[in-house]
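Small disclaimer: the values here were computed from a predicted structure and weren't measured. Along the sequence shown, the residues carry numbers beginning at 1.
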Amino acid sequence: PRYGHSLLEEARKEKLELEAIVGELQEHIQISEDEGARAVEHIRDLEMEHEKEVLKYKELLSMSQRSNIQEDVGLIRLQREVKERSAKFDSLEAQYLSLQQNMNAVKASHAKLLEQIEELNGQLEDEKSRNAALQTQLRNGTATEQQIAEIGRA
């Protein structure tokens, strides 16, 4: 009985620890999602700026026949920025997926732990029932011994 109680306490402790880990992972996932959303928004802003710059350069080209070299330098710079931001977004997305996989693993572990707790609770109930039956048998045995002793005295 003490061993079962110890297992149950151990399982409860492990469950609490796993719940804490799940909470931390959920916070990390939320942070990653927020960072991803900001990165996507920033990329959209950069793309809009890029479009504005392209329009600006086209107008300048048609108005003053500016050199193609200056336009190419600006476009290359903007494209490089967009590429860098896109790479950062991809990195954040990979991190998010990794955190999501970790959370799924923790959820599976948590589910296993809950199954073990249920199994231990069932074992505990079986032990209680067996204990009650043995106590009843013991009481019945003691009553029978008293009856035999009374018959022997008579």
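In this structure, CD1 on Ile21 lies 10.5 Å from NE2 on His28, to the nearest 0.5 angstrom. Interatomic distance, Glu125 CD to Asn121 CG, rounded to the nearest 0.5 Å: 7.0 Å. Here Ile117 contributes atom CD1 and Leu124 contributes atom CG; the two are 12.5 Å apart, rounded to the nearest 0.5 Å.
Residues Ile43, Phe89 make up the rest of the hydrophobic cluster containing Val40, defined by ILVMFWY side-chain heavy atoms closer than 4.5 Å, directly or through other members. Members clustered with Leu92: none, using a 4.5 Å side-chain heavy-atom cutoff among hydrophobic residues.
Looking at Gln30 and Asp34, their side chains do bring a donor and an acceptor atom within 3.5 Å of each other.
Looking only at distances, no side-chain donor or acceptor of Ser98 sits under 3.5 Å from a matching main-chain atom of Ala94. A donor-acceptor pair under 3.5 Å is formed between the side chain of Thr144 and the backbone N or O of Asn140.
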_Using the rule given for side-chain contact (heavy atoms from CB on, under 4.5 Å), can you reason through Glu51 versus Leu55, listing the C-alpha separation, both sets of side-chain angles and the distance that settles it, and then say yes or no?_
CA-CA 6 Å; Glu51 290 295 325; Leu55 288 174; 5.5 Å; no
_For Leu75 and Glu53: C-alpha separation, side-chain torsions, deciding distance, then whether side-chain contact (heavy atoms from CB on, under 4.5 Å) applies._
CA-CA 8 Å; Leu75 289 175; Glu53 288 289 321; 5.7 Å; no
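Val106 and Leu97 fall within a single hydrophobic cluster, where Ile, Leu, Val, Met, Phe, Trp and Tyr side chains are chained together by heavy-atom contacts under 4.5 Å. Both Leu99 and Met103 are part of a single hydrophobic cluster, where members link through side-chain heavy atoms under 4.5 Å apart.
The only member of Glu10, Glu17, Glu9 that meets side chain to side chain contact (heavy atoms under 4.5 Å, CB included) when paired with Lys13 is Glu17.
With a 4.5 Å cut-off on side-chain heavy atoms, Asn131 and Gln135 count as touching.
Contacts of Arg139 classified as side-chain hydrogen bond (donor to acceptor under 3.5 Å, both in side chains), with partners at least two apart in sequence or in another chain: none.
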